[in-house]
2 protein chains.
Amino acid sequence: MENLRELFQVMTRRFGFLNKNCCTTGGTEISLVQSHILYEIDHQHNPSMQQIADTLGIDITTFSRQVQSLVKMNLVKKTPDAEDRRIQILSLTTEGKYVATTIDEQMNLFLNDVFSHMNDFEKETVIRSIKLLNNAMAKSSMCCGNIQG
Amino acid sequence: MENLRELFQVMTRRFGFLNKNCCTTGGTEISLVQSHILYEIDHQHNPSMQQIADTLGIDITTFSRQVQSLVKMNLVKKTPDAEDRRIQILSLTTEGKYVATTIDEQMNLFLNDVFSHMNDFEKETVIRSIKLLNNAMAKSSMCCGNIQG
DNA sequence: TTTATTATTTGTAATTTGCAACTATATCAA
DNA sequence: TTGATATAGTTGCAAATTACAAATAATAAA
């Protein structure tokens with residue numbers, strides 16, 4: 001049987017390259033980590049700091065500072081939770097939403113370009129496989145069992 | 001059609017987690033970037049600094065310092081090229097080879113655990129899909145056209 | 001031989017990171 | 001209630017990582 005790791009090493013590296021390029025939008029330039037943060041805030045429902053930090057596996061202190069930057073850039077807003085005032089609820093500002101959406105479009109553009117090198121059948125197979133893989137990884141205790149998203 | 005990016009975002013994040021955990025071997029602890037460097041040195045034939053840096057998309061100055069660290073840790077060796085003395089050929093020391101191999105085994109262990117949640121047919125499908133994906137990404141001008149590996 | 005070009009290394013400064021310690025709020029237990 | 005404990009988040013560091021600019025050293029080209 002072939003070396004599994006090699007396959008995945010190449011794949012993830014290439015996706016890393018993809019991700020690297022797509023975090024600049026008009027005037028705003030953000031880092032890869034920051035784009036992941038925007039993405040998660042956009043996709044979770046009234047998330048707290050801890051929640052997003054856990055999802056992304058980022059140390060909470062690092063995360064705290066990253067969010068501070070994003071707030072300064074006027075992309076993210078922090079709102080104290082009404083019921084538990086220790087908790088800060090994160091949300092995107094209008095500008096933040098715009099940046100997140102633009103990055104999303106950019107990424108989908110890249111991905112569609114990648115998929116344009118396959119026929120419909122292959123494309124379907126690959127998409128189904130990614131889903132299988134995501135489910136399997138979620139089930140694996142060795143990696144992502146406790147992580148949602 | 002579903003949102004492609006979401007699928008890949010989740011997948012690459014989970015692989016990121018996988019990668020994060022597997023860079024400690026016995027006494028030696030190295031960073032994620034350093035493990036990628038070891039991997040590439042191990043897989044390329046008599047590679048130069050530039051070659052590996054390009055493959056990994058790391059700035060050459062950053063790379064130079066990372067290699068210095070690895071040399072200090074006695075994991076990597078630099079040998080001046082006989083024909084062009086500007087070039088340094090990189091290779092793994094015995095200890096470096098050991099660390100690289102151990103990480104490789106660790107990763108394959110993780111991956112096998114992930115695949116244990118699938119049946120044989122699914123597994124085959126997924127592996128074939130990753131290959132398709134890697135090829136397609138290699139062809140895409142928008143991402144990885146100029147990158148080997 | 002002079003003039004590029006290429007490979008790699010340093011100077012320096014900004015950014016990112018994480019551990020430990022701190023503040024503030026909430027919960028639990030008697 | 002009150003004290004002890006736990007949780008959410010923020011800072012103080014100090015180390016690691018990064019990248020731009022400039023330097024060095026060797027080769028190639030004119």
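Throughout, protein chains are lettered first and strands after them, A, B, ... in sequence-line order, and every chain is numbered starting at 1.
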Heavy-atom closest pair, residues A/M49 and A/S64: CE-CA, 3.8 Å
Heavy-atom check, side chain of B/M107 versus side chain of A/L4, under 4.5 Å: no
Minimal non-hydrogen separation, B/I30 against B/M73, with atom names: CG2-SD, 4.0 Å
Residue pair B/L38 / B/G96: nearest heavy atoms and the distance that separates them: CD1-O, 4.3 Å
Residues that A/Q66 engages under side chain to side chain donor-acceptor pair (under 3.5 Å), provided they are two or more places apart: A/Q34
Boundaries of the DNA chain D segment in contact with chain B, non-hydrogen, under 4.0 Å: D/dT17 to D/dT27
For B/L90 against B/K78, the heavy-atom pair lying closest together: CD2-CG, 3.4 Å
Stem segments of DNA chain C by first residue number [Watson-Crick or G-U, under 3.5 Å, at least 3]: C:1-30 with D:1-30
Contact pattern, 5' to 3', of nucleotides 12-19 of chain C - B, S or - by protein heavy atom under 4.0 Å: B----SBB
Interface residues of residues 82-93 of chain A with DNA chain C (non-hydrogen, below 4.0 angstrom): A/E83, A/D84, A/R85, A/R86
Contacts of type salt bridge (charged side-chain N to carboxylate O under 4.0 Å, His left out), residue A/D84, not counting sequence neighbours: A/R86
Length of the CD-P vector between B/Q51 and C/dA7, whole Å: 10 Å
Test log, rule side-chain contact (heavy atoms from CB on, under 4.5 Å), inputs A/L133 and B/I130: CA-CA 10 Å; A/L133 203 52; B/I130 305 291; 4.0 Å; yes
Between C1' of C/dT9 and CD of B/Q50, the distance in whole Å: 12 Å
A/D42 CG to A/S91 OG distance, which is reported to the nearest 0.5 Å: 10.5 Å
Considering all heavy atoms, the nearest A/S116-A/D113 contact: OG-O, 2.6 Å
Interatomic distance, A/N119 atom CG to A/E124 atom CD [nearest 0.5 angstrom]: 10.5 Å
From CA spacing to verdict: side-chain hydrogen bond (donor to acceptor under 3.5 Å, both in side chains), A/N74, A/T93: CA-CA 7 Å; A/N74 195 34; A/T93 64; 4.5 Å; no
Check: A/T55 and A/Y39 side chains under 4.5 Å, non-hydrogen atoms: no
Gap between atoms CD and C1', on B/Q68 and C/dT8 respectively (whole Å): 10 Å
